[in-house]
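Reckoned from all heavy atoms, side chains included, excluding hydrogens, waters and symmetry mates. We count residues from 1, following the sequence as given.
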Amino acid sequence: MEELLRRELGCGSVRATGHTGGGCISQGRSYDTDRGRVFVKVNPKAEARRMFEGEMASLTAILKTNTVRVPKPIKVLDAPGGGSVLVMEHVDMRHLSSHAAKLGAQLADLHLENKKRGETLLKEAGTVGMEERPFVDQFGFDVVTCCGYLPQVNDWQEDWVVFYARQRIQPQMDMVEKESGDREALQLWSALQLKIPDLFRDLQIIPALLHGDLWGGNVAEDSSGPVIFDPASFYGHSEYELAIAGMFGGFSSSFYSAYHGKIPKAPGFEKRLQLYQLFHYLNHWNHFGSGYRGSSLNIMRNLVK
């Protein structure tokens, strides 16, 4: 690995540190180089390059908003012996605690950034000069991103309800059908599809850049403030972001207060949150097995009542 990094990063010296990390999907290690410390994520799977290229694009997109800190991505490389690696800036991170409210405010800023860009462009219509980053008026993303190791369909779509049903839930249900042929799940999904538009009545949704997988394990802080990482970004409904945040804990009331101080809850928020949690329970079912079946079916039962 040291030789690969020396060659690809143009470093004179590379030395592994004692710092390692990783989650359910990939493993990581820090290296000291003569250009600073880097963190290297490694995954041996053949499809790892697609996953890491999606993560790199996500980190780059969030970085450009100047709202919430992410590690700066550097390069995706083929790993020695197969698979891929993602090289990024090393950040000395600790558990999120004192900066929870700041993260809530910055996350809201991330979600509002595209909307504000659109408002600015409207005001400046007809003035000379090209906006460096155009307003995004559809839902999706330029590249495939992976929530876990499963790819997400990010084809651009004008209608959020269509995007979410077809490009988030349906691919997960297709995997459930292929793996287990679960008849109850398929019947509930057939019924739920008819109900989904009602949850969005009279709601105007402006595409927001999302982290996409914001659970407690993907947030931290350093001495300067909060840091988020391991994104699976796309432009979607801002409420979607809070679904997995609420499933596994790790976010204090100060985080939510700061967030909703900038983006208040719209009518029907709680039911839509369940709908968005459905994606994550199905995604966990498809990643980790039928232990998540009950939660997935319970949400669908609640929403079709």
Side-chain angles (χ1 to χ4, degrees), residues 47 49-68 70 73 76 86 107-122 124-125 130-175 189 192-193 196-214 228 230-244 263 266 272-273 275-280 282-283 286:
E47 59 269 27
R49 176 170 273 275
R50 178 180 61 185
M51 180 175 72
F52 284 152
E53 284 177 345
E55 183 175 342
M56 182 157 175
S58 300
L59 290 168
T60 302
I62 295 169
L63 200 60
K64 284 180 178 173
T65 67
N66 292 311
T67 53
V68 58
V70 292
V76 177
L86 170 59
L107 187 70
D109 290 340
L110 172 67
H111 292 167
L112 291 168
E113 194 263 349
N114 185 53
K115 177 177 185 243
K116 287 178 177 172
R117 206 167 348 126
E119 290 164 354
T120 302
L121 286 173
L122 212 57
E124 294 175 354
M130 290 290 289
E131 177 71 17
E132 186 186 334
R133 297 175 59 238
F135 171 68
V136 176
D137 62 356
Q138 295 187 62
F139 303 97
F141 205 53
D142 283 331
V143 301
V144 170
T145 52
C146 297
C147 194
Y149 59 76
L150 294 173
Q152 302 186 119
V153 183
N154 285 334
D155 299 343
W156 292 102
Q157 182 72 248
E158 290 181 6
D159 186 300
W160 167 249
V161 175
V162 172
F163 176 93
Y164 186 69
R166 284 190 196 162
Q167 297 180 203
R168 285 297 175 267
I169 303 295
Q170 190 61 59
Q172 294 288 335
M173 292 304 304
D174 290 345
M175 282 184 267
W189 173 231
L192 178 56
Q193 287 181 74
I196 289 176
D198 294 339
L199 300 176
F200 293 88
R201 215 170 284 291
D202 303 322
L203 198 65
Q204 186 197 17
I205 300 171
I206 293 167
L209 180 62
L210 306 177
H211 174 283
D213 190 16
L214 200 79
I228 61 176
D230 289 357
S233 292
F234 63 98
Y235 282 87
H237 186 195
S238 57
E239 290 178 358
Y240 174 91
E241 195 88 278
L242 300 180
I244 195 167
I263 304 179
R272 287 190 299 276
L273 201 65
L275 180 67
Y276 294 147
Q277 288 180 340
L278 175 61
F279 166 81
H280 292 290
L282 288 170
N283 192 42
N286 286 314

Where do Glu241 and His211 land on the side chain to side chain donor-acceptor pair (under 3.5 Å) test, with the steps shown first? CA-CA 7 Å; Glu241 195 88 278; His211 174 283; 4.5 Å; no
Before you tell me yes or no, could you show the steps for Leu209 and Thr67 under side chain to side chain contact (heavy atoms under 4.5 Å, CB included), namely the whole-Å CA-CA distance, both residues' side-chain angles and the distance that decides it to 0.1 Å? CA-CA 11 Å; Leu209 180 62; Thr67 53; over 6 Å; no
Using 30° and 60° as the class limits, which term best fits the ring planes of Phe234 and Tyr240: parallel, tilted or perpendicular? perpendicular
Phe200 vs Tyr276 aromatic rings, parallel, tilted or perpendicular, using cut-offs 30° and 60°? tilted
What is the minimum heavy-atom distance between [X] and [Y], and which atoms define it?
| X | Y | result |
| --- | --- | --- |
| Ala61 | Phe141 | CB-CZ, 4.0 Å |
| Cys146 | Ala232 | O-CB, 3.3 Å |
| Asn154 | Ser233 | ND2-O, 4.0 Å |
| Ile62 | Pro231 | CD1-CB, 4.0 Å |
| Glu158 | Phe139 | O-CE1, 3.5 Å |
| Cys147 | Phe279 | SG-CE2, 4.1 Å |

Go through Glu55 and Thr145 one step at a time and tell me if the side chain to side chain contact (heavy atoms under 4.5 Å, CB included) criterion holds. CA-CA 6 Å; Glu55 183 175 342; Thr145 52; over 6 Å; no
Side chain to side chain, [X] and [Y], heavy atoms closer than 4.5 Å:
| X | Y | value |
| --- | --- | --- |
| Leu112 | Ile263 | yes |
| His111 | Leu210 | yes |
| Ile196 | Val161 | yes |
| Leu86 | Met56 | yes |
| Gln157 | Gln138 | no |

Side chain of [X], backbone of [Y]: donor and acceptor closer than 3.5 Å?
| X | Y | value |
| --- | --- | --- |
| Asn114 | Ala208 | no |
| Arg168 | Val153 | yes |
| Tyr235 | Asp137 | no |

Any chance you could lay out the side chain to side chain contact (heavy atoms under 4.5 Å, CB included) test for Val76 and Arg49, step after step, and finish with the verdict? CA-CA 7 Å; Val76 177; Arg49 176 170 273 275; 4.0 Å; yes
Using 0.5 Å steps for rounding, measure from the [atom1] atom of [X] to the [atom2] atom of [Y].
| X | Y | atom1 | atom2 | result |
| --- | --- | --- | --- | --- |
| Leu110 | Asn66 | CG | CG | 11.0 Å |
| Tyr164 | Leu199 | OH | CG | 10.5 Å |
| Phe135 | Arg117 | CZ | CZ | 8.5 Å |
| Asp109 | Thr65 | CG | OG1 | 8.5 Å |
| Asp230 | Met51 | CG | CE | 9.0 Å |
| Leu242 | Leu107 | CG | CG | 7.0 Å |

Could you pull out all residues at least two apart from Asp174 that satisfy side-chain hydrogen bond (donor to acceptor under 3.5 Å, both in side chains)? Gln170
Going by the rule side-chain hydrogen bond (donor to acceptor under 3.5 Å, both in side chains), which residues pair with Asn283 if we only count those two or more places apart in sequence or in a different chain? Gln172, His287
Flag yes if more than 12 heavy atoms outside Asp202 fall under 6.0 Å of its CG atom; otherwise flag no. no
Between Ile205 and Leu203, does a side chain to side chain contact (heavy atoms under 4.5 Å, CB included) hold up when you go through it step by step? CA-CA 6 Å; Ile205 300 171; Leu203 198 65; 4.1 Å; yes
Quick one: does NZ or CZ of Arg50 land under 6.0 Å from the six-membered ring centre of Tyr149, within 45 degrees of the ring axis? no
Please determine whether salt bridge (charged side-chain N to carboxylate O under 4.0 Å, His left out) holds for the pair Glu113 and Lys64, giving the CA-CA distance in whole Å, both sets of side-chain angles, and the decisive distance to 0.1 Å. CA-CA 10 Å; Glu113 194 263 349; Lys64 284 180 178 173; over 6 Å; no
